[in-house]
Amino acid sequence: MSHLVAPSILAADFANLQRDVEMLNKSEADWLHVDIMDGMFVPNLSFGLPVVKAIKKHALKPLDVHLMIVDPDRYLKDFRDAGADRITVHYEVCPNLHRTIQVIKELGCKACVAINPHTPVLVLEDIIADLDMVLIMSVNPGFGGQKFIQNTYKKFNDLNKLRSQYNPQLLAEVDGGVDIGNAAKLYAAGANVLVAGNAVFSAPDPTQYITELKHAVTVSQA
Ligand code: DX5
Ligand code: ZN
C-alpha cells in the first residue's frame, strides 16, 4: 500500500488560504486535512463550514475533514455539502458510533474514527470492519505544533492485529507532531497516511517537505 500525506490546513496562513491550497494542489500531497474544533471537545476553536466551502472551491484533492466536535451527528450532512470527501469522528463523542458511521457512508463519504492518546485501539474491535480508516491521535487534539507522544507506536501494534483480522483494506492515519524525523518509523509501524501541519507549513519549502514526507521510507533506506 502506498504512503499518503495529508497536510493540515490548520497550520496554513488563513489570510492566504487560496495561495496555500494552490501550493498543496501542485505538491505531492494526497489529501487536504481539515481540522474542525468546537471549543467543547477540545479547548480550541478553529473554523467552520464557510471556510471548508472556500477551501473546496480551490482544492483539487480530497478534503479529509477531522471533526473534533461533540455530537458530530448534527453536522455530518453540512460538512458533506461543504465539500468533505472523508469524515472523521471521534470515538470519545459518539455513543452510537455504528449509526454515525452508516450515516457518513450513506452521505457518500469515506468513514473514519479517531481515537485520542488515552483511548485503547481495542475499543474499535466491533466496528473496525465497517470503517474506511482509523485515525490515531499522536497528540491530545486541539492544537497544532505539539510534541509527538511515543506511546503511539504501541497503538499501531494493536491496530495492525485488528486490521489483519477484520479489515485488511483499512487505512491507518496518524495525526499530531508528525515530521521528517518520525515519518519513516510511522510508515514502518503501519501508518498509511501522515497528517502534518506545523512541520509542512513552517518548512522553508513546504512542497519539497511534502515530497520528503511521502517518500520518507525510501529516503531513509537509501
Ligand atoms: C490537532 C489536529 C492536527 C494538527 C496537527 O488537534 O488534529 O491535525 O493540525 O498539527 P501538527 O502537525 O502541527 O502537530
Ligand atoms: Zn487533525
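Keep in mind it's a predicted model, so treat the numbers as computed, not measured. Counting from 1, the numbers follow the sequence of the chain as shown. Each ligand, and each atom within it, is numbered from 1 in the order the structure gives.
Within the model, atoms CD1 of Ile210 and CD of Glu28 stand 9.0 Å from one another, a figure rounded to the nearest 0.5 Å. Note: Met68 CE to Met137 CE = 6.5 Å, rounded to the nearest 0.5 Å.
Ion pairing between Lys214 and Asp30 holds under the 4.0 Å rule for side-chain N and carboxylate O. Between Asp78 and Lys53, no side-chain nitrogen of the basic residue sits less than 4.0 Å from a carboxylate oxygen of the acidic one, so the salt-bridge criterion is not met.
The aromatic rings of His90 and Phe41 are tilted relative to each other, their planes meeting at an angle between 30° and 60°.
A side chain to side chain contact (heavy atoms under 4.5 Å, CB included) with Leu131 holds for exactly one of Leu171, Val113, Thr88, Ile104; it is Val113.
A donor-acceptor contact closer than 3.5 angstrom is absent between the side chains of His66 and Glu173.
Around atom OH of Tyr187, more than 12 heavy atoms belonging to other residues, nucleotides or ligands sit under 6.0 Å away.
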Find all protein N or O atoms under 3.5 angstrom from an N or O atom of ligand 1 and list the pairs with distances, or write 'none'.
unit_1, atom_1, unit_2, atom_2, d
ligand 1, 6 (O), Gly142, N, 2.7
ligand 1, 7 (O), Asp35, OD1, 3.0
ligand 1, 7 (O), His66, ND1, 3.3
ligand 1, 7 (O), Asp175, OD2, 2.9
ligand 1, 8 (O), His33, NE2, 3.4
ligand 1, 8 (O), Asp35, OD1, 3.1
ligand 1, 8 (O), Asp35, OD2, 2.7
ligand 1, 8 (O), Asp175, OD1, 2.7
ligand 1, 8 (O), Asp175, OD2, 2.9
ligand 1, 9 (O), Ser8, OG, 2.8
ligand 1, 9 (O), Asp35, OD2, 2.9
ligand 1, 12 (O), Gly197, N, 2.8
ligand 1, 13 (O), Gly145, N, 2.8
ligand 1, 13 (O), Asn198, N, 2.9
ligand 1, 14 (O), Gly177, N, 2.8

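Using a 4.5 Å cut-off on side-chain heavy atoms (C-beta onward), Leu159 and Lys155 make no contact.
Around the Zn ion (ligand 2), the protein N, O or S atoms closer than 2.8 Å are His33 NE2, Asp35 OD1, His66 ND1, Asp175 OD2, listed by chain and residue number.
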